[in-house]
S.K.: 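Here's a structure for you.
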Amino acid sequence: GDSVTQMEGPVTLSEEAFLTINCTYTATGYPSLFWYVQYPGEGLQLLLKATKADDKGSNKGFEATYRKETTSFHLEKGSVQVSDSAVYFCALQNSGYALNFGKGTSLLVTP
Amino acid sequence: NAGVTQTPKFQVLKTGQSMTLQCAQDMNHEYMSWYRQDPGMGLRLIHYSVGAGITDQGEVPNGYNVSRSTTEDFPLRLLSAAPSQTSVYFCASSYGWDTQYFGPGTRLTVL
């Protein structure tokens, strides 16, 4: 079945550092891919998405490119801020309604 | 727009008790769903609905009951709570298979 694997956390970075959170997936066909963010005590918010191969999703300085050849959707940001501290979830949506989530990666950015 | 709202925010139950988690949305979305979030496991779909009067099971439906009598509301019922149902529950809504918007969550503890 479909699955999403993302890097284990927690990830701790200093402010202004470069961020990469790896995400790879297994799925038949052509799923849509998402990154959701969960700030402390809150629900999940959509950060960005891509619906077909080679699409780049971007929002708030974050980017991710849908790479079908490597089945990856890595999240990147050039310069993180303390306010980016949160849990980040990679997810896919394939032939049905359900989102299939990775386990989440906790990010802590220190001043 | 309030978006997706959930009540209560926190709940403690004893084994065998029943309760209903409430979810409402004011975006006129057809699709609504319930997920549970457990440590290290991401989110998993419990039940979902594609419109009033129509519901279907997700990945982990056992022990939960749903109904959808209006477009706005999608309550989740625990008929006889078990410690394995200790989790954080998120409701989500969407317009079709488009972006899912999540509520703030209900943290449930079953003793």
Side-chain angles (χ1 to χ4, degrees), chain A residues 1-10 21-27 29-52 55 57-60 64 73 75 86-106, chain B residues 1-10 21 23-25 27 29-51 54-61 66 68 74 87-107:
Chain A
D2 298 345
S3 65
V4 174
T5 302
Q6 58 183 109
M7 62 188 290
E8 298 275 337
I21 300 178
N22 291 336
C23 171
T24 58
Y25 68 89
T26 300
Y30 302 92
S32 294
L33 301 174
F34 304 82
W35 277 101
Y36 278 84
V37 58
Q38 184 179 28
Y39 297 104
E42 299 184 11
L44 278 72
Q45 302 174 23
L46 179 68
L47 183 59
L48 54 85
K49 68 178 183 181
T51 57
K52 61 183 187 295
D55 268 2
S58 61
N59 186 25
K60 299 181 181 179
F73 193 55
L75 182 68
V87 180
Y88 292 82
F89 291 92
C90 185
L92 71 79
Q93 186 178 42
N94 203 355
S95 55
Y97 172 72
L99 285 167
N100 194 323
F101 285 89
K103 295 182 179 181
T105 302
S106 176
Chain B
N1 269 358
V4 180
T5 58
Q6 293 182 236
T7 55
K9 287 185 187 283
F10 302 94
L21 281 62
C23 174
Q25 53 92 9
M27 296 175 281
H29 285 165
E30 305 160 319
Y31 284 57
M32 296 186 73
S33 54
W34 279 100
Y35 291 83
R36 59 179 287 174
Q37 182 182 30
D38 300 299
M41 297 193 70
L43 279 76
R44 293 178 293 168
L45 183 66
I46 303 171
H47 285 287
Y48 68 100
S49 168
V50 301
I54 307 169
T55 63
D56 206 348
Q57 296 181 351
E59 180 185 356
V60 287
V66 293
R68 182 107 177 264
F74 191 44
S87 188
V88 181
Y89 291 85
F90 289 101
C91 180
S93 74
S94 63
Y95 185 72
W97 285 12
D98 206 347
T99 302
Q100 294 186 30
Y101 294 87
F102 286 80
T106 295
R107 185 174 294 274

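Below, chains carry the letters A, B, ... as their sequence lines are ordered, and counting in each starts from 1. Heavy-atom basis, side chains included; hydrogens, waters and symmetry copies ignored.
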S.K.: Got a sec: does the NZ of A:Lys103 have more than 12 other heavy atoms crowding it under 6.0 Å?
M.R.: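 Open: at most 12 neighbouring heavy atoms sit under 6.0 Å from NZ of A:Lys103.
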S.K.: Between A:Gln38 and chain B, with a heavy-atom cut-off of 4.5 Å, which part of the residue counts as in contact: side chain, backbone, both or neither?
M.R.: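 Just the side chain, heavy atoms under 4.5 Å.
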S.K.: May I ask you to check whether over 12 heavy atoms, not counting those of B:Tyr101, lie within 6.0 Å of atom OH?
M.R.: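 Open: at most 12 neighbouring heavy atoms sit under 6.0 Å from OH of B:Tyr101.
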S.K.: Is any side-chain heavy atom of A:Tyr36 closer than 4.5 Å to one of B:Leu43?
M.R.: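 Result no, sub-4.5 Å side-chain heavy-atom pair not found.
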S.K.: For the pair B:Tyr35 and A:Leu99, evaluate side-chain contact (heavy atoms from CB on, under 4.5 Å) and give the outcome as yes or no after the intermediate values.
M.R.: CA-CA 10 Å; B:Tyr35 291 83; A:Leu99 285 167; 3.6 Å; yes
S.K.: Within a 6.0 Å radius of atom OH on A:Tyr39, are there more than 12 heavy atoms belonging to other residues, nucleotides or ligands?
M.R.: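 Atom OH in A:Tyr39 is packed in, count exceeds 12.
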S.K.: Testing the basics here: between B:Gln37 and A:Phe89, what is the closest heavy-atom pair and its distance to 0.1 Å?
M.R.: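 Shortest heavy-atom separation between B:Gln37 and A:Phe89 comes out as NE2-CZ, 3.1 Å.
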S.K.: Does CZ belonging to B:Arg44 count more than 12 external heavy atoms closer than 6.0 Å?
M.R.: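 Buried by this count: over 12 neighbours within 6.0 Å.
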S.K.: Sort B:Glu59 into side chain, backbone, both or neither according to what part of it lies under 4.5 angstrom from a heavy atom of chain A.
M.R.: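 Contact with chain A involves no heavy atom of B:Glu59 at all.
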S.K.: Between B:Gln100 and A:Tyr97 (side chain of the first, backbone of the second, donor and acceptor by atom type, cut-off under 3.5 Å), is there such a pair?
M.R.: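 The answer is yes, because a donor-acceptor pair under 3.5 Å joins these two groups.
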S.K.: Is chain B contacted by the side chain of A:Glu42, its backbone, both, or neither, given a heavy-atom distance below 4.5 Å?
M.R.: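 Just its backbone gets close to chain B.
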S.K.: Considering non-hydrogen atoms only, spot the tightest contact between B:Phe102 and A:Leu44 and give its length.
M.R.: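 Looking at all heavy atoms of both residues, the shortest contact is CB-O, 3.4 Å.
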